[in-house]
Participant: 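After the C-alpha cells below, expect a handful of questions from me.
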Amino acid sequence: MLTAPVLVARADDLLHTLLTAGTRRGDAVALAVDIRPGPAGPAVVGVATTAGCWGFTAARADDAAGALAAVEDRLRPRWVWWSAAASAGPLVSRGPRLATCWDVAAVHRILAGGAVDDPARVWAFLHGLDLSSVPRTGQLDLLAGTASEPTSATADPDDVLEAGGHLRADWAGGGWARDADRAGRWARGALTARALQLDRLGAAQDADRRRATAHAESAAALLCVELGAAGLPLDVPTAEQLVGAAAGPRPRDAGHEAELRRARDDVVLRHLPERGAGVDLRNPATVRTALSRAGFDLPDTRSWRLEPWRGSSALVDALLAWRKSERVATTYGYGWLDRHVGADGRLRGAWAASDGAGGRMTAQAGLHNLPAELRPAVAAEPGRVLVRADLGQVEPRVLAAVSGDRALAAATRDDDLYAPVAARLGVDRPVAKVAVLAAMYGQTSGTAGQALAGLERAYPVAMRYLSRAYDDGWAGRSVTTYGGRRVEVGPLPAGLDEAAERAARARRGRFARNAVVQGAAAELFKAWAVTVRAGSRPLGAEVVLCLHDELLVHAPAEHADAVAALLHSCLREVALGWTGGSQVRFVADVRVVRRWSDAKD
DNA sequence: TTGACCACGTA
DNA sequence: CGTACGTGGTCAAC
C-alpha cells in the first residue's frame with residue numbers, strides 16, 4: 001500500500017525532484033530534518049508531497065539548509081512538520097527563512113486541548129486509538145540518541161507503524177532520523193496527520209475560522225522558534241548598571257557574595273531587637289514572627305499587606321526596599337545576565353506558542369515578567385529602532401466579537417470602550433471599567449456588584465456568553481474558544497465537603513469564563529503577530545518580543561514608519577477576517593522608540 | 001532530589 | 001472568592 005521513499009542523490013537535486021513530481025507553488029510539502037550536533041554536522045532530510053516522498057543525507061548541514069532555501073524561494077510551500085521545534089529549530093539559525101507552515105503539534109493542541117503534543121499521541125488521537133496503549137520507548141534510547149530494535153517482531157522494520165496502528169516508539173523517539181529512507185517516511189507521516197487534522201477542522205461548524213486559527217497557531221509556533229534564536233536586543237552596560245543600582249556591585253567570588261548579602265540583610269535586621277537574631281528574611285515564617293513582635297499582626301507578609309505602613313514604619317520601609325533589591329539580586333541579577341545574555345547582547349529564552357489554560361504564549365528566562373525598572377536596558381541596536389505596539393482594551397473588545405453582542409460591538413467603535421459603556425449604564429467610567437473586568441474575570445465582591453446588574457441589562461448577549469462558560473466550568477465540561485481551542489477544566493479534587501466542593505466548582509467556573517476570553521484574545525494576538533512577522537521580513541525587521549497584547553519589532557531606522565504602519569494595517573486585516581465583519585474594532589498604540597521604556601521617540 | 005508553599009514580576 | 005504565567009527562595013518529605 002505504501003510506496004517506499006525515493007532517495008534524492010544530493011541536496012542540490014531536491015528542488016528539481018519536487019518540480020518533476022509536479023509540485024506547484026503553495027503546495028503542502030512535509031519536512032523532517034535532523035541535524036547532528038556540531039558546526040557542520042551531517043543532516044538527514046525527509047520530504048513528502050501528495051505525489052511521493054523522498055529523503056537524502058547531506059554531509060554538511062549548510063548544504064541541506066541551502067537546498068531547502070531554494071525550495072522556499074521557488075515554491076513557497078506550506079511546510080508541514082510534526083513540530084516547528086523539531087524541524088524548523090535546526091534550520092532557522094542556518095539561514096532559511098520559511099514563510100508558512102502547518103504544525104501538526106500546534107494544531108493538535110487546538111483540537112485536543114492540553115499541552116501533550118508528541119507525534120505518537122497525536123497519531124493515536126487522530127486514529128481513535130487508545131492513548132494508554134501508545135508504545136513507549138525507553139529513556140535509554142533517547143539518551144543514547146540511537147534507535148532501539150523494533151518493539152514488535154511482526155512489524156516491518158521500515159514501516160512507520162506498528163501492527164496495532166500506533167507510530168513506532170523507536171521512530172518517534174528519534175529513530176526516524178537514522179537514514180534518509182526513514183526520514184522520508186517520517187515526513188509522509190506528518191503529511192498524513194495533517195490531512196486527518198484538516199478533515200476534523202472541516203467537519204466543525206466554523207470550519208473557515210478554525211482553519212485560519214490552525215494556520216496562525218502553526219506560524220506562531222515557528223515564530224517562537226525564531227524568537228528563541230534571535231533573542232531580545234539588550235544594552236548590556238545599561239543592564240549591568242541597573243542591576244548594580246538595585247543589588248550592588250558584581251560579587252568577585254562566593255565569599256564576597258555572602259558578604260554583600262549580609263550587608264543588604266543588615267539594613268533591615270538592625271531595625272529588629274537583637275539585630276534580628278533568628279530572623280531569616282528569606283523565610284516568610286520568621287519574618288511574620290518578627291513583624292508580629294514589632295506590632296504588625298498579619299496573616300502573611302506580602303508586600304501589599306505591608307503597604308499601608310510604608311512611610312510610617314522604618315522597619316516596613318526597609319523590608320519593602322529589601323524585597324525589591326533582593327528580587328533583582330536573585331531572579332534578575334548578574335547570574336541571570338550571565339545565563340541568558342549572549343556575547344551578541346541578545347537575551348534568549350525558550351518560547352512556547354500555546355501553553356497553559358487559554359493558549360497564551362509563554363517564555364522563559366524572565367522574558368515575560370521583566371521588571372519595569374530593567375526595561376530601559378532593552379534597546380535597539382545601532383541604526384535600528386524598536387517599534388512597540390500594544391492592543392488597547394483587548395479583552396472586552398474580544399468579548400464583543402466572540403459573543404456577537406451588537407451593543408458591545410457598537411461600544412468598540414470608540415477609542416475608549418469604557419466611555420460608551422459608562423454612558424449606557426449611567427455610571428462613572430471607573431465604575432464601568434471595574435464592572436466589565438469583574439464580569440470577565442469573576443470578581444463578585446466590592447463595588448462592581450451594582451454595575452453588574454446594569455451590564456446584564458445593557459449587554460445580555462455578552463453576559464450570557466460568559467455565564468454559559470461559567471456553567472460549563474462549574475459542571476466540569478470543557479469549553480471551546482472562538483478559534484476552536486478545546487480547554488479542559490479538570491476534575492474536582494477527591495473527598496471535598498459540600499462547601500469545599502462548591503468553592504472548587506466556582507473556581508472552575510471562573511477559570512472557564514476567563515479561558516474563553518483570554519484564549520480568544522491570545523488567538524487574535526497571535527494572528528496579528530504572525531501577520532506582522534510576514535510583513536516585517538521584506539523591511540529587514542523582526543519581531544523580538546510577544547507579550548500577550550504587546551509586540552516589539554526590531555527594525556532598521558529608515559523603515560520605522562513603514563513598520564509602524566504595518567502594525568496598524570495587520571491589525572485591521574486580522575480583525576476583519578477574525579470577526580467575520582462583525583463591526584468590532586480593535587485599536588493599537590504604536591510608538592517608535594530606542595528603548596522599550598521610552599514613552600515616545 | 002522532589003514537591004509544596006510563599007513571594008513577586010508581567011499581561 | 002479576578003485569571004494566567006515563570007522564577008527563586010525555604011522547608012518537609014522522600
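Order of the sequence lines sets the chain letters (A, B, ...), proteins ahead of strands, with each chain counted from 1.
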Participant: Measuring only between side-chain heavy atoms, which start at C-beta, is A/Thr362 closer than 4.5 Å to A/Arg360?
Facilitator: no
Participant: Once you round it to whole Å, what is the distance between C1' of C/dA4 and CZ of A/Arg513?
Facilitator: 15 Å
Participant: I'd like to know if A/Glu307 and A/Arg310 make a salt bridge, using a cut-off of under 4.0 Å between side-chain N and carboxylate O.
Facilitator: yes
Participant: Counting heavy atoms not belonging to A/Arg121, are there more than 12 under 6.0 Å from its CZ?
Facilitator: no
Participant: How close do A/Leu417 and A/Pro396 get, heavy atom to heavy atom, and via which atoms?
Facilitator: CD2-CB, 3.7 Å
Participant: Respond yes when some side-chain nitrogen or oxygen of A/Arg510 is under 4.0 Å from OP1 or OP2 of C/dT3, and no when none is.
Facilitator: yes
Participant: Can A/Arg346 and A/Glu381 be said to form a salt bridge (charged side-chain N to carboxylate O under 4.0 Å, His left out), step by step?
Facilitator: CA-CA 10 Å; A/Arg346 295 289 183 111; A/Glu381 291 169 355; 2.8 Å; yes
Participant: Where does the chain A footprint on DNA chain B start and end, counting 5' to 3' with a 4.0 Å heavy-atom cut-off?
Facilitator: B/dC6 to B/dA11
Participant: Across the strands shown, which category fits A/Arg339 at heavy-atom distances under 4.0 angstrom: base, sugar-phosphate, nothing?
Facilitator: sugar-phosphate
Participant: Identify each atom pair where a protein N or O and an N or O of nucleotides 12-14 of chain C are less than 3.5 Å apart, giving names and distance.
Facilitator:
none

Participant: Determine the contact category for A/Ala285: base if any of its heavy atoms lies under 4.0 Å from a base atom, sugar-phosphate if only primed atoms, P, OP1 or OP2 are that close, otherwise nothing.
Facilitator: nothing
Participant: What nucleic acid atoms does A/Ala365 come within less than 4.0 Å of, heavy atoms only: base, sugar-phosphate, or nothing?
Facilitator: sugar-phosphate
Participant: Base, sugar-phosphate alone, or nothing: which one does A/Asp390 contact when heavy atoms must sit under 4.0 Å apart?
Facilitator: nothing
Participant: Should the pair A/Asp300-A/Arg302 be classified as a salt bridge under the 4.0 Å nitrogen-to-oxygen rule?
Facilitator: yes
Participant: Nearest whole Å is fine: how far is C/dG9 P from A/Tyr332 OH?
Facilitator: 13 Å
Participant: Select from A/Thr286 and A/Ala363 the residue whose nearest nucleotide in DNA chain C is closer to the 5' end of that strand.
Facilitator: A/Ala363
Participant: Any heavy-atom pair between the side chains of A/Leu455 and A/Val421 that's under 4.5 Å?
Facilitator: yes
Participant: Once you round it to whole Å, what is the distance between C1' of C/dT10 and CG of A/Asp265?
Facilitator: 14 Å
Participant: Tell me the interatomic distance from A/Leu437, atom CG, to C/dA4, atom C1', rounded to whole angstroms.
Facilitator: 15 Å
Participant: Please give, in whole Å, the distance from C/dG8 C1' to A/Gln364 CD?
Facilitator: 14 Å
Participant: How far apart are the closest heavy atoms of A/Ser313 and A/Phe296, and which atoms are they?
Facilitator: OG-CZ, 3.7 Å
Participant: Side chains of A/Thr481 and A/Glu523: donor-acceptor distance under 3.5 Å anywhere?
Facilitator: yes
Participant: With distance as the sole criterion, do the side chain of A/Asn369 and the base of C/dG6 form a donor-acceptor contact below 3.5 Å?
Facilitator: yes
Participant: Is the shortest distance from a Lys or Arg side-chain nitrogen in A/Arg282 or A/Asp265 to a carboxylate oxygen in the other one below 4.0 Å?
Facilitator: yes
Participant: Base, sugar-phosphate or nothing for A/Leu367? Non-hydrogen atoms, less than 4.0 Å.
Facilitator: nothing
Participant: Base, sugar-phosphate, or nothing for A/Arg282, non-hydrogen atoms under 4.0 angstrom?
Facilitator: sugar-phosphate
Participant: Assign A/Gln518 to base, sugar-phosphate, or nothing according to its heavy-atom contacts below 4.0 angstrom with the strands shown.
Facilitator: base
Participant: Please pick, from C/dC5, C/dG2, C/dT3, the nucleotide with the shortest atom-to-atom distance to any side-chain atom of A/Phe511.
Facilitator: C/dT3
Participant: Have a look at A/Arg375 and say if it touches a base, only the backbone sugar-phosphate, or nothing, with a 4.0 Å heavy-atom cut-off.
Facilitator: sugar-phosphate
Participant: Specify the separation, in whole Å, of atom CH2 of A/Trp336 and atom C1' of C/dG6.
Facilitator: 13 Å
